[in-house]
2 protein chains.
Amino acid sequence: MSQENLKSILKSHELRITDCRLDVMQFFLNEKGALSQGDLENQFTQYDRVTLYRTLNSFLDSGILHKIPNETGTATYGLCHDTCSPDHHEHNHIHFKCNSCGQIECLDEKVVPKVTVPTGYKIDGVNMIVDGICATCA
Amino acid sequence: MSQENLKSILKSHELRITDCRLDVMQFFLNEKGALSQGDLENQFTQYDRVTLYRTLNSFLDSGILHKIPNETGTATYGLCHDTCSPDHHEHNHIHFKCNSCGQIECLDEKVVPKVTVPTGYKIDGVNMIVDGICATCA
DNA sequence: TTATAAATGCAAGTGAGTTGCATAAACTAT
DNA sequence: ATAGTTTATGCAACTCACTTGCATTTATAA
Ligand SMILES: [Mn+2]
Ligand SMILES: [Mn+2]
Ligand SMILES: [Zn+2]
Ligand SMILES: [Zn+2]
């Protein structure tokens, strides 16, 4: 994606344009899988780990990224759809974690099925993590 | 549950009977929600945190507990069904996380719906976490 | 260009999770 | 019941991701 496109994405989310943010966003757009803080630290040694941490947080808050829960404890992040905003996140797709290569990816085209909860409960969101073997590792 | 019942559960999983394991198992049986290592540390100050940590792990390995992933990073654990064994875990129920009180619970009667993944992918397991407001907090 | 607000880097702290090892306790076999 | 064997426990110490404070630098607006 062009540098100008990247800048307009940041602007539309009311974020200042900085080298770190441009690089991190480009990285997310290039990678098909979800990324962790550690992935960013390995990729961008020129930036302080705290800066990368805060970059992830600002992207989370502004609706550019969403956090993907998993059992290992280290958070991973994936790009949000255009429909996401700081106020309203729409993440109704399935996440897949490969037990061989460890990669987590957003299956954007796979919609999370509707579910019901017991009487008196109210649903805000649903997160579905499927684990198994990805096509590359099969 | 009686002390004898608790002991037989441990024995059937080939675990030695210790005070810590009996207490922790009783705690899980009493609590309706899932518990974290921190919850155990608060409840049982007489046991070292490492002992509680290893108690959770031995219960995990032997199929007494299952780990419930969530976005906060701190792992929580819930009781397995009778059908679970060290070799084969069967956790096809939905987990609910209340955004008000923070409690995570197993909705044992709510079965995770079947899903499909792209061609070439293989499914090992599915984890579904619904978040919202529980009946108590509503 | 200057003023203001925000982002960055560095240092330092938190808290869960983990391991090694000596001691204590649970089980097994006399 | 006792002695021998195996396992669990407590303590110290470590890793690692995550988080905060503060001084400095940079981006943006006036
Ligand atoms: Mn996703
Ligand atoms: Mn459960
Ligand atoms: Zn893979
Ligand atoms: Zn609640």
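In what follows, chains are A, B, ... by sequence order, proteins preceding strands, each numbered from 1.
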Visitor: What distance do A/L65 atom CG and A/F28 atom CZ have between them, rounded to the nearest 0.5 Å?
Guide: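 If we round to the nearest 0.5 Å, A/L65:CG and A/F28:CZ are 4.5 Å apart.
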Visitor: For B/Y47 and C/dA24, what is the distance between atoms OH and P respectively, to the nearest whole Å?
Guide: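 Rounded to whole Å, this separation is 18 Å.
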Visitor: B/T51 side chain N/O closer than 4.0 Å to the phosphate oxygens (OP1, OP2) of D/dG10?
Guide: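 Checking B/T51 against D/dG10: at least one side-chain N or O falls below 4.0 Å of OP1 or OP2.
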Visitor: Between B/R21 (side chain only) and B/R16 (backbone N and O only), is there a donor and an acceptor less than 3.5 Å apart?
Guide: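 Checked: pair present.
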Visitor: Counting only side-chain nitrogens and oxygens, does B/R49 get under 4.0 Å of the OP1 or OP2 atom of C/dA16?
Guide: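 Looking at the OP1 and OP2 atoms of C/dA16, neither is under 4.0 Å from any side-chain N or O of B/R49.
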Visitor: For a quick test of reading the model: is some side-chain N or O of B/Y53 closer than 4.0 Å to OP1 or OP2 of C/dT18?
Guide: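 For B/Y53, the contact criterion (side-chain N or O under 4.0 Å from OP1 or OP2 of C/dT18) is met.
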Visitor: Return the value, rounded to whole Å, for the distance between atom CD of B/E41 and atom C1' of C/dG15.
Guide: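 Spelled out: CD on B/E41 to C1' on C/dG15 is 9 Å.
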Visitor: May I have the distance from A/D48 (atom CG) to C/dA12 (atom C1'), rounded to whole angstrom?
Guide: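 Result: 12 Å.
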Visitor: Whole angstroms only, please: what is the CD-P distance between A/Q46 and C/dG9?
Guide: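 Interatomic distance, CD of A/Q46 to P of C/dG9: 9 Å.
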Visitor: Relative to the ring of A/H66, is the ring of A/H95 parallel (under 30°), tilted (30 to 60°) or perpendicular (over 60°)?
Guide: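 Answer is parallel, since the angle falls under 30°.
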Visitor: Of the nucleotides D/dC18, D/dA27, D/dA8, which has the atom closest to the A/R16 side chain?
Guide: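 Side chain of A/R16 sits closest to D/dA27.
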Visitor: Roughly how many Å is it from CG in A/L40 to C1' in C/dT8, rounded to a whole number?
Guide: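 Computing the A/L40:CG to C/dT8:C1' distance gives 16 Å.
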Visitor: Whole Å only: how far is the CG atom of B/L22 from the P atom of D/dT9?
Guide: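 Checked: the CG to P distance equals 10 Å.
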Visitor: A/A75 has a side chain; which of C/dC27, D/dC18, C/dA6 sits nearest to it?
Guide: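 Comparing C/dC27, D/dC18, C/dA6 against the side chain of A/A75, the answer is D/dC18.
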Visitor: Quick one: do the B/N5 and B/S8 side chains pair a donor with an acceptor below 3.5 Å?
Guide: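 No, no side-chain donor-acceptor pair sits under 3.5 Å.
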Visitor: What's the closest nucleotide to the side chain of A/R54 if the choices are D/dC11, D/dA27, C/dT8?
Guide: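 Within the option list, the nearest is C/dT8.
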Visitor: Calculate the interatomic distance between B/R21 atom CZ and C/dA25 atom P; express it in whole Å.
Guide: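 Nearest whole value for this atom pair: 15 Å.
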Visitor: How many Å lie between CD1 on A/I17 and P on D/dA27, as a whole number?
Guide: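 From A/I17 CD1 to D/dA27 P: 10 Å.
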Visitor: Which one, D/dT20, D/dT28, C/dA26, comes nearest to the side chain of A/V50?
Guide: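 Taking heavy atoms from C-beta onward, the closest nucleotide is D/dT20.
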Visitor: Would one find more than 12 heavy atoms of other residues, nucleotides or ligands at under 6.0 Å from atom CD of B/E109?
Guide: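 Yes, because the 6.0 Å sphere around CD of B/E109 holds more than 12 heavy atoms from other groups.
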Visitor: DNA chain C: B/K11 or B/N57, which has the more 5' nearest nucleotide?
Guide: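 Nearest-nucleotide comparison on DNA chain C picks B/N57.
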Visitor: Look at A/T18 and C/dT8 and indicate whether a side-chain polar atom (N or O) is within less than 4.0 Å of OP1 or OP2.
Guide: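 So the side-chain polar atoms of A/T18 do come within 4.0 Å of the phosphate oxygens OP1 or OP2 of C/dT8, strictly under.
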